[in-house]
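What follows is one structure encoded as structure tokens, with my remarks underneath.
All values below come from the heavy atoms of this structure, side chains included, with hydrogens, waters and symmetry mates left out. We're numbering straight along the sequence, starting at 1. Just so you know, ligand 1 is whichever comes first in the structure, and atom 1 is the first atom listed for that ligand.
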Amino acid sequence: MHLDGRSAIVTGAGRGIGKEIALELARHGAEVVVNDLGADRGGAGTDNGPDDEVVAAIQAAGGTAMAAYCSVASYDEVGRMVAACAEAYGSVDIVVNVAGMLRERMVWNMTEDDWDAVISVHLKGHFNVCHHAAKLMRTARHGRIINFSSDAFKGSVGQCNYSAAKAGIIGLTRSLARELGRYGVTANAMCPLAATRMTVNDKVIEGMKRRLDNALISQAQYDNFMAMPGPEFVAPMVAYLATDAAADVNGQVFHAERGRIHTYFYGEEARSIHKQTDGGLFDLDELLQWVPNTLMSGIPNIAPKQDA
Ligand SMILES: NC(=O)c1ccc[n+]([C@@H]2O[C@H](COP(=O)([O-])OP(=O)(O)OC[C@H]3O[C@@H](n4cnc5c(N)ncnc54)[C@H](O)[C@@H]3O)[C@@H](O)[C@H]2O)c1
């Protein structure tokens with residue numbers, strides 16, 4: 001099997017996308033630490049149940065797994081989880097950071113706690129796991145890190161905390177790729193699309209219905225949303241990135257959903273203007289004249305002002 005002899009830590013693996021990834025890695029022979037706090041969609045509460053069920057499912061299928069119930073937001077607890085993986089399975093070969101939650105509000109309503117909670121679980125949570133695992137991977141001169149970003153990195157209404165964390169995760173991932181590549185460790189990011197409690201739940205469906213009734217979205221957009229594919233379609237690409245065959249796939253960002261995987265042009269220079277006179281100092285009057293005709297030509301306001 002492709003991942004025989006490899007050990008993996010999958011965070012947020014009690015439900016949704018993380019669960020499918022834990023099952024998929026185990027199916028391909030990896031020994032899996034199944035991490036999940038058992039939190040609700042907003043990140044509150046704890047429940048060992050979902051984690052235990054995934055461990056039991058892997059074991060029932062003949063695989064090897066153990067549970068870790070800690071929060072990825074805790075630097076010390078994550079350190080203990082990584083050490084436990086190394087002790088039980090002899091190494092930490094694969095890390096998949098999937099744990100996540102949402103606290104959605106417009107920026108003017110967002111509390112400091114909403115901001116801090118989302119940054120702690122997503123951005124700091126990723127750092128915690130990557131940091132502790134990277135120490136072992138660097139020494140072992142082998143490792144696969146797969147981090148979970150989101151298309152929300154492009155900007156998302158009501159999710160400025162989440163969007164900032166997910167964009168940060170791409171920066172983190174690309175930095176890890178550059179720092180660790182020379183030690184045989186790769187780091188890549190995934191932007192999934194999958195129906196889970198995070199994306200398709202009663203409250204969200206209600207909101208979509210309201211938008212449809214108010215003609216803010218078309219019937220086709222509504223139908224498309226309701227037919228969102230399941231989390232199992234994301235897992236195979238993660239397994240691929242974990243294999244030895246993906247040794248030179250590093251620092252990349254992928255989108256995965258049913259029937260479609262794509263890359264992004266991310267952070268590459270697109271259009272540019274140059275000035276060679278005046279020591280390269282652009283003058284405001286020049287920018288007022290040039291920018292609309294060059295850098296911004298044909299580029300719309302992503303959220304134009306609405307009529308009152
Ligand atoms: N579902 C999508 O379409 C989608 C789109 C873009 C990005 N994502 C990202 O994919 C990841 C998985 O999302 P999902 O849709 O499967 O969500 P989900 O809510 O189904 O699963 C998330 C899991 O993370 C766990 N978790 C929450 N906080 C935790 C913490 N502090 N420590 C450990 N575990 C914790 C939860 O208990 C839950 O089981 C998230 O990072 C999410 O932001 C999902």
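- Donor-acceptor pairing under 3.5 Å is lacking for the side chains of Y240 and N188.
- Between H262 and H255, the angle of the ring planes stays under 30°, which puts this pair in the parallel group of the 30/60° scheme.
- At a heavy-atom cutoff of 4.0 Å, ligand 1 is surrounded by G12, R15, G16, I17, N35, D36, L37, G38, A39, C70, S71, V72, V98, A99, G100, V121, H122, F148, S149, S150, Y162, K166, P192, L193, A194, T196, R197, M198, T199.
- Using a 4.0 Å cut-off between charged nitrogen and carboxylate oxygen, E24 and R27 count as a salt-bridge pair.
- In this structure, a donor-acceptor pair under 3.5 Å is absent between the side chains of S156 and S163.
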Residues 281-288 side chain polar contacts: donor-acceptor under 3.5 Å, at least two apart:
unit_1	atom_1	unit_2	atom_2	d
D283	OD2	D285	N	3.1
E286	OE1	K275	NZ	2.7
E286	OE1	D283	N	3.0
E286	OE2	K275	NZ	2.8

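- Between the side chains of Q289 and N293, no donor-acceptor pair is found at a separation under 3.5 Å.
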